[in-house]
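Keep in mind that this is a model prediction, so the values were computed, not measured. For ligands, and for the atoms within them, numbers begin at 1 and follow the listed sequence.
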Amino acid sequence: MATSSGGGSGSGGGGTYSYRNGATHSHKSSSKLDTHTHKPLSLNSSSNSSSKNHVKSKSLGPSSTTQRRNSTTSKDHHPSVPGRVRVAVRLRPRNAEESVADADFADCVELQPELKRLKLRKNNWDADTYAFDEVLTEFASQKRVYEVVARPVVESVLDGYNGTIMAYGQTGTGKTYTLGRLGEEDTAARGIMVRSMEDILADVSLETDSVSVSYLQLYMESIQDLLDPANDNITIVEDPRTGDVSLPGASLVEIRDQQSFVELLRLGEVHRFAANTKLNTESSRSHAILMVHVRRSIKGRDAGHSSENGNHPHSVKSLKPPVVRKGKLVVVDLAGSERIDKSGYEGHTLEEAKSINLSLSALGKCINALAENSAHVPFRDSKLTRLLRDSFGGTARTSLVITIGPSPKHRGETASTIMFGQRAMKVENMVKLKEEFDYKSLARKLDVELDKLIMEHERQQKAFEDEIERMATEAQHRLSEAERNYIDLLEKEKSKYEKDYMDSIRKLEDQLAMNQRKNEDSHIKSRAEVVYHTICLELLQWIQNELDWLRSLDLSYTPKVYSEELADLKKMLQKETLLRKAAEGEVNHLKIQVSELKMSEASRKSEILKVHKMLEEEVHQKEKLEREIAILQSQLLQLSLESDQTRHQFERDGLEKDVSSVDSLTSQVKHQQQASGNGEKPSIAKLFEQVGLQKILSLLEAEDADVRIHAVKVVANLAAEEANQGKIVEAGGLTSLLRLLQSSQDETIHRVAAGAIANLAMNETNQELIMSQGGISLLSMTAASAEDPQTLRMVAGAIANLCGNDKLQSKLRGEGGIKALLGMVRCRHPDVHAQVARGIANFAKCESRASSLGTKSARSFLIEDGALAWIVQNANNEASSIRRHIELALCHLAQHETNARDMINGGALWELVRISRDCSREDIKTLAHRTLVSSPTFQAEMRRMRISY
Ligand code: ADP
Ligand code: MG
């Protein structure tokens, strides 16, 4: 069955084929089949079944789906997959010349495409049969040739493998026809190069992928750039690490559409023609090599690496470098395979001829070596074999089409071509996915992302700063506007009321003047009336006298004279009567006038009364307004104080938060000092000047409760500023504040006043002043009645400050200060406890000073007043503000030996031992230790209790 080669050239295993697909095969079996024996084609069928494993459908390579699955499961390592070089044979139809010349002869080959066999006639009765991966008859269309020979390779390249498509055969058998036809006049005639590019361009995405092309000619061991003819000695560079071969000197043109590729091929042809003319050769003597580089970025959907956790392989956040697959398709249109000696007519010397075909014969040797599994493959013998190193025995998927002609004249060449194909079928490649991480593009992307982030950060920072500045300006602006508005309003109100007041005063004055004038007029009139009256009375008197005189006359002896006289008298009497009537009329008239005057006077009087009343009301109104102005002023003061604080708060936002400090009031003092220290002119000072301290203090005693509250707040705020404290005390503010504690029932007033007192109580002189004014009993009273923790905190803070004064110790205790302090622990608020603890620590410190000076020898007042139990209880309080003070207090108490026994009994010794061992504050720890060591009573007790110390 296994016969040796009949038509092969002298290679050892010629005519046999097998390929590595896991099992080892001997190379003895032959694909050359004896048609006469009609024996079952065991090896052929085995090769068929084997090849079926690889060759799904009709393609020459593993299907791309199989390949894809392989690449997906291969993950990081991409193990190589065995892949034999696939070989198809294509028969050219008889040309016109052959049709005539060979008319009487049969073709030298007979094809059995369904069986994938080719029979090569030896003579009329004998033939050798060879199996190929594909047998393409003279009727096979270009399309079919492409599908069978090239498409699987192109698909592999698109999947990230290297691929080679090569045509081998005698000149004139259709290599260029198969590979290089542009098919512009007839699309059905398009060759493999054009069709490959069509498929590549259809599959890639030009946004993420790139396709670039080099086109070269290899002639007499010199590589020329068909895209740039000046470039005619390109060197081959091998990567010593990967063994990858590249031609950095060759032009690399990026292809974006089919048309430009066809143009490029045409240009290549023109250059090839020109080059060959210049070199005095023919294209059949040179190898044309097209290299297509396909670089694809792998998206989540088909990236073996990144599909694992899903979606965005390019996402910078995942920090996985994008994966790129670089497939390289090499299409080689080899020089004619006919023997040189036969074509000696070309006029080359033998050396030249050898050189011309050096590459081709080197290729043959390499393929032989590979087919025989020889240890040495002479790749380095020629440029072509160096270039095709990956295509034969390398990692590429390789498909070879051998072209033969039908003419029996060229039987020898045809046979040698067939043998070349047979040997090539034995070459096993280890196809390997060319996938790599694109670290460069990741780095570039990360750089861009970083720049973006930095810019974004800077932008946000800037926006944030601008916003802060804008808010600050706006706040400043609003504040000054509010100030301005208040002042304007105040000014307006003031001037309006002043004007109204002046107007009404002026009106009243006018009315008064008018009334006086009127009064004077009526006076004159009444004097005239009196005169008139007198005249009338005198007249009446005179008439009476005359009548009396007339009556006394003796009328009986009246002579003639007498009657004349009488007549005269009568006349006179008549005259008199007339006169009298007239006078009486006049009197009546005057009387009426007088009564009229009296009436008008009464009405005027009532008017004057009314005006007086109005005047009183105006005065009352004015007082009310003045009061309101005072309230407004104090409110304004309060407001500006608050806004000052808000502003400071705002400025210091995020800085220290004063939780454990002695007192937030103290911190307020600091803020105020900061404000004045900063040289800004706080509006409080302005308003303080405007309104005046005396006035503010007087408002503390205002009847209106609101005014009092505002005033006390203002005073408290002022008292928080050390610079104001002296002035406040001088002006009697302290006395007023203490009085408020007593007189007011209002909790807010108590709280604020106590806060102010606590602030004032930081100063030694003020402490004495507070004590002398009965401050302790007032504070104790407030301490006993207050409910609000903040009030208690203020009161405790004030007493705690007083506790720190050495001179006041016994007075403070005598007036119940310590008891008051201890009484406040009923409120569970830690702030209150912290102040109590501070007071106790202050007091204990003064006592320990006194005992070390020898001015105190008796037991501590604190112990006397029963503070020890609370101290021991809270010595390990979790609030550090409480614990710290108590630890200090314990150390101070322990300084005085007189206290030692009580402390032992009260359990304080344990606390001291604990403090000396684990207090976080080194100074307190040392103090406790020193105290324990120096006290004989403690030492004795510790010995008794067997505490090693
Ligand atoms: P090679 O490149 O192998 O030297 P060519 O491709 O130049 O051969 O072909 C030589 C001649 O044969 C050309 O005129 C070509 O058109 C023709 N030819 C080759 N193969 C075929 C084919 N399969 N069908 C029709 N004509 C062909
Ligand atoms: Mg050709």
Side-chain angles (χ1 to χ4, degrees), residues 87-102 107-109 111 113 118 132 134-150 165-195 215-219 224 226 265-266 268-277 279 281-290 331-340 342-343 345-346 356-357 359-360 363 384 400-407 409-410 412-418 420-421:
V87 182
V89 60
R90 185 181 196 188
L91 176 65
R92 171 175 59 70
R94 285 187 180 202
N95 56 30
E97 189 193 326
E98 287 164 338
S99 300
V100 176
D102 300 339
D107 285 354
C108 70
V109 289
L111 304 187
L118 173 147
F132 281 95
E134 205 62 54
V135 171
L136 301 158
T137 66
E138 65 265 47
F139 307 112
S141 68
Q142 289 281 75
K143 181 168 189 283
R144 175 156 162 72
V145 174
Y146 173 76
E147 298 287 344
V148 162
V149 174
I165 301 164
M166 196 159 80
Y168 180 95
Q170 196 184 350
T171 300
T173 51
K175 297 184 293 297
T176 306
Y177 182 90
T178 302
L179 298 179
R181 279 201 76 168
L182 301 180
E184 282 174 303
E185 61 297 331
D186 173 15
T187 51
R190 284 168 300 155
I192 283 175
M193 287 178 181
V194 175
R195 287 176 193 264
Y215 197 20
L216 311 146
Q217 169 172 273
L218 174 59
Y219 178 68
Q224 297 142 23
L226 288 179
L265 286 184
R266 197 179 307 119
E269 271 325 302
V270 171
H271 289 156
R272 194 178 181 195
F273 180 78
N276 288 330
T277 311
L279 293 167
T281 183
E282 283 176 32
S283 60
S284 67
R285 291 281 160 231
S286 67
H287 311 279
I289 303 162
L290 175 76
V331 183
V332 189
D333 185 354
L334 288 170
S337 62
E338 60 276 5
R339 278 191 221 112
I340 306 292
K342 214 176 173 183
S343 50
Y345 64 88
E346 280 174 15
I356 286 168
N357 247 350
S359 279
L360 204 56
L363 178 65
L384 181 66
L400 173 69
V401 58
I402 57 167
T403 53
I404 51 172
S407 171
K409 278 185 202 150
H410 297 300
E413 293 300 342
T414 305
S416 102
T417 300
I418 288 168
F420 180 88

Between R94 (side chain only) and P406 (backbone N and O only), is there a donor and an acceptor less than 3.5 Å apart? no

Donor-acceptor pair, distance only, cut-off 3.5 Å: does the side chain of E338 make one with the backbone of T171? yes

At a threshold of 2.8 Å, where the distance has to be below it, does the Mg ion (ligand 2) have an N, O or S atom of T171 nearby? no

Among all the protein's non-hydrogen atoms, which is closest to atom 26 (N) of ligand 1, and how far away is it? Y177 CE1, 3.9 Å

For the OG atom of S416 and the CD1 atom of I404, what is their distance to the nearest 0.5 Å? 11.0 Å

Tell me the contacting part of A167 for ligand 1: side chain, backbone, both, or neither, using a 4.0 Å heavy-atom threshold, strictly below. neither

Residue-ligand contact T173/ligand 1, heavy atom below 4.0 Å: yes

With a 4.0 Å cut-off on heavy atoms, is N95 touching ligand 1? no

Under 3.5 Å: donor-acceptor pair, side chain of R195, backbone of A150: no

Does ligand 1 come near enough to D333 that some N or O of the ligand is less than 3.5 Å from an N or O of the residue? no

Where the side chain of Q142 meets the backbone of Y177, is there a donor-acceptor pair that is under 3.5 Å apart? yes

Sub-4.0 Å protein heavy atom near atom 6 (O) of ligand 1: yes

Pair E98-S407, side-chain donor/acceptor within less than 3.5 Å: no

Which one holds for R90 and ligand 1: side chain close, backbone close, both close, or neither close, with close meaning a heavy atom under 4.0 Å? side chain

Enumerate the atoms of ligand 1 whose separation from the nearest heavy atom of T171 is less than 4.0 angstrom. 4 (O)

Taking side-chain contact (heavy atoms from CB on, under 4.5 Å) as the test, write out the residues that go with T173, two or more places apart. Q170, K175, T403

What residues, two or more places apart in sequence or in another chain, satisfy side-chain contact (heavy atoms from CB on, under 4.5 Å) together with A101? K409

Which protein non-hydrogen atom lies closest to atom 2 (O) of ligand 1, naming both residue and atom, and how far is it? T176 OG1, 2.7 Å

Consider side-chain contact (heavy atoms from CB on, under 4.5 Å). Of T137, L91, L111, which one does L118 pass it with? L111

With a 4.0 Å cut-off, strictly under, does atom 13 (C) of ligand 1 pick up any protein heavy atom? no

Should E138 be counted as touching ligand 1, given the test is an N or O pair under 3.5 Å? no

Nearest protein heavy atom to atom 18 (N) of ligand 1, by residue and atom, and its distance? R92 CD, 3.6 Å

Measuring from non-hydrogen atoms of G336 to any atom of ligand 1, is the shortest distance under 4.0 Å? no

Distance, nearest 0.5 Å, that separates CD1 of I192 from CD of E147: 10.5 Å

Which of the atoms in ligand 1, numbered in the order shown and given with their element, are less than 4.0 Å from a heavy-atom of Q170? 3 (O)

Using heavy-atom distances, let me know which of A335, S337, G172, G174 sits nearest atom 4 (O) of ligand 1. G172

